[in-house]
Each structure stands twice: as structure tokens, then as C-alpha cells.
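One structure is given below, encoded as C-alpha cells.
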Amino acid sequence: MLSTIADYTRLTKDMGKSLTQVAQQPDVSRETDYFLSHIGNVKTIDDFLKDYRLYSYAMKAYGLSDMTYAKAFMRKVLTEGVASKDAFANKLTDTRYRQFATAFNFAALGDKATQTTAATTGTATQYVTQTMEEKAGDQNEGLRLALYFTRKASTITTPYQILADKALTQVVQTAMGWSSTISSSDIDAQAKMITDKIDLADFQDPAKVTKFVQRFAAMWDATQAQNDTSTNPALVLIAGAATSINMDTNMLTTLQNIKFNR
């Protein structure tokens, strides 16, 4: 099996080609064709929520599949829009709801809300990207997390955005070598820990994001290798201490080549 870094490099060196390959898959192509040919007929929030195929496609596109059932919640998101700072979506820490309400801006555009680029081809692009990440995760969960973080990094401006998103939190904790048990501590303490160690402004720089993701991938692979060894008695007996020493040496060498400092 390829390493997470190798998989990540392979997919991201020509992201356009990778996305096109996913978009052309029969199941993805079929759902996208339906969405693009029908979304323009939606004139109201009720229309949108009643067409489950359209609505679920849009929810998946913005990473909200697990909230598809919560129609009353999403109705409030869409009804209040994003213009007011007191709008429901703007009060939520998770920025995905604000992105969704911006793409389908019924509050500001009324029956024209589904005719914008964001609501049509923009959403389709998001859907293909989400699908690529999910399919990558079927083979390598670390790769899915790496791709997701890369896509979301530039939107991160506060540590609380990271802490509100389980996937982002997992990437940061893994990259920094922090135990997941810190998630049970005070959230303000966690936020301070992040800002003390990471300059979030660096996430606006694609090159620095790549280095951070590479650091995550190296740590992820090292952890997976360690877990595989520790849970297989045969490997432990055969490899002995040498396996652990070699793995630690390889991990340290990789991390020394992937520095991410403030």
C-alpha cells in the first residue's frame, strides 16, 4: 500500500485531472446531471426541501450529509440567509452552514437563488470534490483527512473553527503529536494550545499548508504502522525491538524534512 504522502502527492499534483476522473464515474455523473438539469426549477425553500434528490446532493456537496434529516434546522439556515450578523448561519461556529446559505441564498435572491453559479456549477464542483475525498477515505482515511484539510485550510481564521470540526481537529492533533484525549479539556485551553503552536495565518499560504499536511501524513503513517505492529503478536515476536527503532528513526527523518514552525 502506498503511503499517505505518496497517495496525497499523486492526487494533488494534477487536481483537475483527479476531479475529472471522479466526475466521469457513472454514479457521480448521473446525480450531477440530475442536479444541474433540475435545480433551476426550484423557486422556494419548500421546493428545495421537498426534492430529496436535489436537497441531499446539495447537502453532500457542502459536507452536510449527516444533517440531511434535519430539515427544520436547514430551513432556518436558508430562511435567515447570511446578510445579518444575527442570522442563524452566522451564529454557528461551523462555517459550512454559512457557505450553504450563501450558495442557496433564498433570503436575498428569492426565486432566483438557484440560478447563480454558486448554486449550480459551484455546487456540482463541491459535490465531486466531496466524493473524491470520500472514495479516498475508503482506501486510506488519512488521505481523506489530508485532502479535506487542504481544501478547508484557507477558511480557518480562528482555533475555534478547527475545534468545531472533528476532521480538522484530528488533522491538527495528529500533525502536532497531541493525544486525542486533550479534546476533553477546556475548549479555551485547547484554542490557546493551537494558537501558541500554530500561526493560523500560515494556512493562507498553499506551500505552508502542503508542508503541514505532509507533516500530518508522516505522523499518520507512523501511528498506523505502530498500531499494526502492536496489534499483531507475530510481528512483535519476529521484529522485536528493531521494528520499533527503525519506525521511529524513519518517522523522525521524515518529520525533520517537513518542518512546520511559527
Side-chain angles (χ1 to χ4, degrees), residues 1-15 17-19 21-23 25 27-28 31 56 59-68 94-96 125-156 159 161-184 190 194 198 203 206 208-232 235-236 243-244 247-248 250-252 254-255 257-258 260:
M1 180 181 293
L2 292 174
S3 70
T4 301
I5 288 180
D7 284 338
Y8 176 79
T9 301
R10 173 178 55 82
L11 280 175
T12 58
K13 70 178 180 180
D14 190 344
M15 185 62 81
K17 180 179 178 181
S18 297
L19 290 171
Q21 289 175 339
V22 173
Q25 294 173 1
D27 56 334
V28 178
E31 292 307 308
S56 62
M59 290 291 281
K60 177 177 177 177
Y62 289 90
L64 296 169
S65 289
D66 59 341
M67 289 295 288
T68 302
D94 192 333
T95 60
R96 291 177 298 176
T125 299
Q126 292 266 50
Y127 181 89
V128 172
T129 302
Q130 284 283 343
T131 303
M132 181 183 73
E133 292 172 7
E134 289 180 6
K135 289 181 180 294
D138 290 340
Q139 302 298 319
N140 183 341
E141 178 63 13
L143 177 58
R144 183 190 70 81
L145 290 167
L147 291 169
Y148 179 74
F149 187 89
T150 300
R151 176 165 58 85
K152 299 289 289 186
S154 64
T155 70
I156 299 171
Q161 287 173 280
I162 295 173
L163 296 172
D165 187 315
K166 291 181 180 179
L168 295 181
T169 298
Q170 187 173 6
V171 171
V172 169
Q173 289 178 348
T174 301
M176 303 307 294
W178 298 335
S179 169
S180 60
T181 58
I182 66 172
S183 292
S184 60
Q190 293 180 61
I194 291 172
I198 302 171
F203 292 155
K208 291 182 179 179
V209 170
T210 297
K211 281 195 175 266
F212 189 83
V213 173
Q214 289 175 335
R215 179 187 177 95
F216 157 77
M219 292 291 286
W220 175 273
D221 286 344
T223 301
Q224 297 305 304
Q226 188 173 40
N227 289 342
D228 288 346
T229 300
S230 64
T231 56
N232 188 326
L235 285 177
V236 174
T243 300
S244 176
M247 186 197 73
D248 290 343
N250 291 337
M251 181 183 75
L252 288 172
T254 302
L255 291 179
N257 292 327
I258 305 171
F260 188 84

Leu147 CG to Thr129 OG1 distance, which is reported to the nearest 0.5 Å: 9.5 Å

Nearest-0.5 Å distance that lies between atom CZ in Phe149 and atom CD in Glu133: 12.5 Å

Test side-chain contact (heavy atoms from CB on, under 4.5 Å) applied to Tyr148 and Val171, step by step: CA-CA 9 Å; Tyr148 179 74; Val171 171; over 6 Å; no

Closest contact, heavy atoms only, Val213 versus Ala146: CG1-CB, 3.6 Å

CA sep, side-chain torsions, deciding dist, call: Gln130, Arg151, side-chain contact (heavy atoms from CB on, under 4.5 Å): CA-CA 10 Å; Gln130 284 283 343; Arg151 176 165 58 85; 2.9 Å; yes

For Ala175 against Phe212, the heavy-atom pair lying closest together: CB-CZ, 3.6 Å

Minimum heavy-atom distance between Val128 and Val28, given as atom pair plus value: CG2-CG1, 4.1 Å

Residues Asp138 and Lys135 bridged, charged N to O under 4.0 Å: no

Spacing of CG belonging to Leu168 relative to CD1 belonging to Ile156, to within rounding of 0.5 Å: 5.0 Å

With sequence neighbours excluded, residues passing side-chain hydrogen bond (donor to acceptor under 3.5 Å, both in side chains) with Thr12: none

cation_pi(Lys60, Tyr127) dist<6.0 Å, angle<=45: yes

Nearest heavy-atom neighbours spanning Met132 and Met15: CE-SD, 3.5 Å

Check: Thr155 main-chain N/O paired with Gln161 side-chain donor or acceptor under 3.5 Å: yes

Under 3.5 Å: donor-acceptor pair, side chain of Thr4, backbone of Asp221: no

Ile5 side, atom CD1; Trp220 side, atom CH2 - distance, nearest 0.5 Å: 13.5 Å

Test item: side-chain donor near acceptor, Tyr8 and Thr150, under 3.5 Å: yes

Donor-acceptor contact below 3.5 Å, side chain Thr68 vs main chain Ser65: yes

Closest approach of Ile182 to Gln173 (non-hydrogen atoms, all atoms of both residues): CG1-NE2, 3.6 Å

Phe203 to Ala153 - nearest heavy-atom pair and separation: CB-O, 3.4 Å

Leu64 CG to Ser56 OG distance, which is reported to the nearest 0.5 Å: 12.0 Å

From CA spacing to verdict: side-chain contact (heavy atoms from CB on, under 4.5 Å), Met176, Ile194: CA-CA 9 Å; Met176 303 307 294; Ile194 291 172; over 6 Å; no

Candidate pair Thr174 and Leu145, rule side-chain contact (heavy atoms from CB on, under 4.5 Å), full reasoning: CA-CA 11 Å; Thr174 301; Leu145 290 167; over 6 Å; no

Check: Tyr62 main-chain N/O paired with Arg96 side-chain donor or acceptor under 3.5 Å: no

Arg144 (side chain) donor-acceptor with Glu134 (main chain) under 3.5 angstrom: no

CD1-NZ distance between Ile162 and Lys152, expressed to the nearest 0.5 angstrom: 12.0 Å

Any donor-acceptor N/O pair, Thr9 side chain to Ala6 backbone, under 3.5 Å: no

Side-chain donor or acceptor of Gln190 paired with backbone N/O of Ser183 under 3.5 Å: yes

